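First listed ligand is number 1; within each ligand, the first listed atom is number 1. On a predicted model such as this, the values are computed, not experimentally measured, just so you know.
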Amino acid sequence: MSKQPIGIFDSGIGGTSIWKEIHQLLPHENTIYLADSKNAPYGPKGKEAIIELSVKNTELLLSKGCKLIVVACNTATTNAITYLRQHYEVPFIGIEPAIKPAALQTKNNAIGILATKGTLSSALFSKTSELFANGKTVIEQNGEGLVELIESGQIHSKAMRELLQIYLEPMLKAQIDYLVLGCTHYPYLIPILKDLLPKHIKIIDSGKAVAKQTKAVLEGHNLLNSTISTPKLEFYSNIDPKVMQSFLGDAFKAEYLNF
Ligand code: DGL
């Protein structure tokens with residue numbers, strides 16, 4: 001069982017930012033990544049639809065023998081992980097916006113959160129926000145349109161910069177000193193964000209924490225791959241995989257799969 005792959009899914013290519021952290025920490029693990037780009041973005045969809053898509057991705061990963069599933073999508077985690085854990089026996093790792101470290105470290109008592117509508121409106125997000133950010137100014141911003149631009153290969157476009165400028169403005173007005181990236185597509189925006197933000201604003205995401213948690217859960221279930229061999233790393237997209245390929249680089253191969 002320990003040689004079986006780790007399954008990872010996202011509404012698209014954003015979760016590859018999480019896959020990179022997992023692969024770096026667990027270089028011997030076999031992995032299967034699903035980019036459900038055909039159905040991206042998940043953010044504006046309702047909870048039921050997000051659960052349905054998450055079930056579809058989970059079933060496919062389980063049919064490929066995955067020993068653990070990483071829901072590399074804040075929107076799918078905050079809306080569907082409770083359902084998935086109730087209906088499947090395999091361990092699930094989720095990702096949520098890193099509100100806690102930002103709220104603990106802010107000196108200005110003001111933090112910004114950039115996430116999808118689906119994440120910001122979820123009960124899980126409200127609970128975490130209430131628990132850790134109570135008494136702080138929290139500027140929540142729906143990053144509508146950002147995922148679409150990334151998925152269509154327009155990350156370096158003028159439209160992207162303009163949209164980000166609009167989204168950052170209320171945060172700058174509120175004098176945030178931490179910006180939480182609450183969507184797995186957004187770590188790819190860090191170079192642009194750094195360019196647009198004053199230097200003292202720290203940008204945080206949950207990628208490293210998810211990788212650590214994946215390792216801990218595999219250890220806990222005695223599922224770490226103990227064989228030291230070159231891992232099999234599979235990446236599937238249900239649309240033309242050329243944009244995913246550009247995010248992966250030449251060392252890995254993105255393939256088309258109808259799912
Ligand atoms: N990567 C997903 C997330 O972390 C993107 C959401 C979307 O498809 O709207 O929320």
Side-chain angles (χ1 to χ4, degrees), residues 7-22 33-58 61 69-84 92-99 102 112-126 128-129 140-155 160 163-164 167 179-190 193 203-211 213-214 235-239 243-244 247-248 254 259:
I8 304 168
F9 77 82
D10 178 35
S11 63
I13 55 185
T16 55
S17 64
I18 308 304
W19 172 83
K20 284 176 187 169
E21 299 290 354
I22 293 171
Y33 183 93
L34 298 184
D36 190 13
S37 298
K38 191 166 75 183
N39 294 300
Y42 282 10
K45 298 189 197 310
K47 190 180 169 83
E48 290 312 311
I50 296 168
I51 290 177
E52 211 174 291
L53 292 167
S54 301
V55 164
K56 168 189 64 96
N57 300 330
T58 297
L61 290 170
I69 293 178
V70 180
V71 182
C73 175
N74 292 260
T75 313
T77 299
T78 50
N79 287 277
I81 204 160
T82 308
Y83 180 96
L84 296 175
F92 285 91
I93 308 293
I95 181 162
E96 284 182 72
I99 305 175
I113 300 175
L114 191 58
T116 69
K117 182 172 168 238
T119 295
L120 295 172
S121 63
S122 69
L124 200 57
F125 175 80
S126 308
T128 317
S129 186
E140 295 177 10
Q141 178 62 57
N142 173 1
E144 197 179 349
L146 300 176
V147 166
E148 289 93 322
L149 285 173
I150 295 170
E151 288 286 325
S152 59
Q154 297 181 74
I155 192 162
M160 175 64 87
L163 210 48
L164 284 174
Y167 293 163
L179 170 61
V180 178
L181 302 183
C183 169
T184 55
H185 283 71
Y186 301 167
Y188 287 117
L189 299 174
I190 290 174
L193 287 167
I203 303 171
I204 55 174
D205 66 77
S206 318
K208 285 205 165 32
V210 170
Q213 180 66 3
T214 303
F235 300 90
Y236 299 109
S237 167
N238 51 13
I239 60 165
V243 178
M244 178 150 86
F247 278 79
L248 289 173
F259 64 94

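In the displayed structure, Lys56 atom NZ is contacted under 6.0 Å by more than 12 heavy atoms of other residues, nucleotides or ligands. No more than 12 heavy atoms of other residues, nucleotides or ligands lie within 6.0 Å of NZ in Lys117, so this atom counts as exposed by the packing criterion. More than 12 heavy atoms of other residues, nucleotides or ligands shown are found within 6.0 angstrom of CD on Gln154.
Cys73 counts as a contact of ligand 1, since one of its heavy atoms falls under 4.0 Å from the ligand. Using a non-hydrogen distance threshold of 4.0 Å, Gly14 does not register as a contact of ligand 1.
Residues Tyr186 and Leu146 are in side-chain contact: their nearest non-hydrogen atoms beyond the backbone lie under 4.5 Å apart.
Those atoms of ligand 1 that come under 4.0 Å of a heavy atom in Thr75, given as number and element, are 3 (C), 6 (C), 10 (O). Atoms of ligand 1 found under 4.0 Å from any heavy atom of His185 (numbered from 1 in listed order, with element): 1 (N), 2 (C), 5 (C). Close contacts of ligand 1 with Gly43, meaning ligand atoms under 4.0 Å from a residue heavy atom, involve 7 (C), 8 (O), 9 (O). The atoms of ligand 1 that sit less than 4.0 Å from any heavy atom of Ser11 are 2 (C), 5 (C), 6 (C), 7 (C), 8 (O). Near Asp10, meaning under 4.0 Å from one of its heavy atoms, ligand 1 places the atoms 1 (N), 2 (C).
Between Tyr188 and Phe247, the ring planes lie perpendicular to each other; the angle is over 60°, past the 30° to 60° tilted range.
A donor-acceptor pair under 3.5 Å is formed between the side chain of Ser17 and the backbone N or O of Thr184. At least one donor-acceptor pair under 3.5 Å links the side chain of Asn238 to the backbone N or O of Phe259.
Counting only heavy atoms of the protein, atom 7 (C) of ligand 1 lies nearest to Tyr42 N, 3.2 Å.
Residue Thr116 has no N or O atom closer than 3.5 Å to an N or O atom of ligand 1.
For the residues Asn74, Leu53, Asn39, the heavy atom positioned nearest atom 4 (O) of ligand 1 is part of Asn74.
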